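Both ligands and their constituent atoms are indexed starting at 1 by order of listing. Since the structure is predicted, the reported quantities are computational estimates derived from the model, not experimental observations.
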Amino acid sequence: MTAKLIDGNLVAALVRDQIRNDVRDWVGQGNRPPFLQVVQVGNDPASSTYIRAKTRACEDVGIETATAHLPDTVSALELKQQIQGFNESDAVDGILVQLPLPDHLSQHDVIESIDYRKDVDGFHPMNVGRLAVDQPTFRSCTPAGILELFRHYSIPTKSKHAVVVGASNIVGSPMAIILSRENASGKATTTICHKYTRDITRHTIDADILIVAAGQPGLIKAEMVKEGVVVIDVGINRIADETSEKGYRLVGDCDFEGLKEKASWITPVPGGVGPMTVAMLMKNTLLAAKHSIYPR
Ligand code: GUN
């Protein structure tokens, strides 16, 4: 079998077209444009790249945005005071603190200090909890984007065996929740593998849908899956490459060349899941501006 390609750039462009229209309608009804406040602590180059992509996407769909740059020496108190100001501002609809944070800051404390009604990343325990009990919520952007890819390509999840490799709070864990729940449109039998899993292949070999978010290049190889599997590669790893202008190239967590001969569907890296994450952030920001999840 040769896999069909899941084109994240294409689907993200369609989602963004829809959001651009919705933003135009919203503003046409006399509302101000949605506003996303980004917070960057320090200047990690990968974080700066992600923020640039998010800023450009905002401009593309008519969402206004600003980034507050704080030094990597900022204290927890100063950071939380900044966030409190954004929580209280009627001009701010969505707040995104780019992760990772420097070691002296507690990610959990910082995320919890964001007003959950403005938590467009879907990382606040209130939103994660509502996801787990099938209530309307801000869904974490990468899992929501993957679900949108399934919807676009009519890839069913109901009653399938979905295996998620990686249990991060950002991707693996919310992905497994969404896949397993009824209203979140997953309805799949879901297995979650993580660093304590003894024999990953025992699980991946039985997957109808395999979602890999482990941050380990080349982790999943063709001999670890069955014919016809749907492969979603969330990994974005920088590999040194002197032939490239930037000095590196991006690879996923899966051996794309080997897996594409066996899978029914597969996402490329780049151009698979990545653009969907940004598109779903735009969607969440519009939902926040409209108070759709938490009506006033
Ligand atoms: N760092 C890596 N991915 C993400 C994301 O989706 N949101 C935020 N805030 N930080 C990240």
Side-chain angles (χ1 to χ4, degrees), residues 8 12 15 35-58 63 65-70 72 74 79-80 82-83 86-87 92-103 105-116 118-128 131 137-149 164 166-178 211-216 232-238 250 252-253 267 269-270 272-285 287-288:
V15 171
F35 185 90
L36 173 66
Q37 179 65 55
V38 177
V39 179
Q40 182 175 18
V41 181
N43 45 20
D44 171 58
S47 289
S48 300
T49 304
Y50 291 135
I51 290 172
R52 263 197 306 278
K54 291 168 187 179
T55 304
R56 272 201 301 266
C58 283
I63 291 176
T65 183
T67 301
H69 293 272
L70 303 175
D72 57 9
V74 72
L79 175 56
K80 285 193 217 166
Q82 277 266 356
I83 292 171
F86 300 138
N87 285 343
V92 173
D93 299 305
I95 302 170
L96 179 150
V97 178
Q98 186 66 31
L99 304 175
L101 292 169
D103 288 344
L105 297 169
S106 155
Q107 195 168 296
H108 289 298
D109 284 355
V110 171
I111 288 171
E112 271 196 87
S113 74
I114 298 171
D115 184 336
Y116 62 83
K118 298 188 177 188
D119 167 39
V120 287
D121 261 326
F123 294 165
H124 191 287
M126 176 70 159
N127 288 313
V128 180
L131 187 70
T137 186
F138 290 112
R139 290 179 184 189
S140 178
C141 300
T142 301
I146 292 170
L147 226 63
E148 186 64 28
L149 290 173
V164 180
S168 72
N169 293 341
I170 295 182
V171 184
S173 184
M175 186 79 250
I177 295 172
I178 290 174
I211 297 178
V212 190
Q216 284 184 49
I232 306 292
D233 189 349
V234 185
I236 304 180
N237 306 290
R238 286 185 181 197
L250 297 177
D253 291 349
T267 56
V269 177
V273 174
M276 292 305 295
T277 300
V278 180
M280 300 322 276
L281 174 67
M282 301 299 106
K283 188 168 180 181
N284 279 351
T285 305
L287 289 173

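One finds the CG atom of Asp121 at 15.5 Å from the CZ atom of Arg139 (value rounded to the nearest 0.5 Å).
When every heavy atom of Val120 is checked against every heavy atom of Asn284, the shortest pair comes out as O-ND2, 2.8 Å.
Side chain of Asp93 to main chain of Thr285: no donor-acceptor pair is present (N/O by atom type, distance under 3.5 Å, no hydrogens or angles).
Among residues two or more places apart in sequence or in another chain, the side chain to side chain contact (heavy atoms under 4.5 Å, CB included) test is passed with Thr67 by Val38, Gln40, Ile51, Thr55, His69.
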For each nitrogen or oxygen atom of ligand 1, which protein N/O atoms lie closer than 3.5 Å, and how far apart are they, rounded to 0.1 Å?
| unit_1 | atom_1 | unit_2 | atom_2 | d |
| --- | --- | --- | --- | --- |
| ligand 1 | 1 (N) | Gln98 | NE2 | 3.3 |
| ligand 1 | 1 (N) | Leu99 | O | 2.9 |
| ligand 1 | 7 (N) | Asp121 | OD1 | 3.1 |
| ligand 1 | 7 (N) | Asp121 | OD2 | 3.4 |
| ligand 1 | 9 (N) | Val97 | O | 2.9 |
| ligand 1 | 9 (N) | Asp121 | OD2 | 2.6 |
| ligand 1 | 10 (N) | Gln98 | NE2 | 3.4 |
| ligand 1 | 10 (N) | Leu99 | N | 3.0 |

Show your reasoning for whether side-chain hydrogen bond (donor to acceptor under 3.5 Å, both in side chains) applies to Gln37 and Lys118.
-> CA-CA 10 Å; Gln37 179 65 55; Lys118 298 188 177 188; over 6 Å; no
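Surrounding NZ of Lys54 are more than 12 heavy atoms belonging to other residues, nucleotides or ligands, all under 6.0 Å away.
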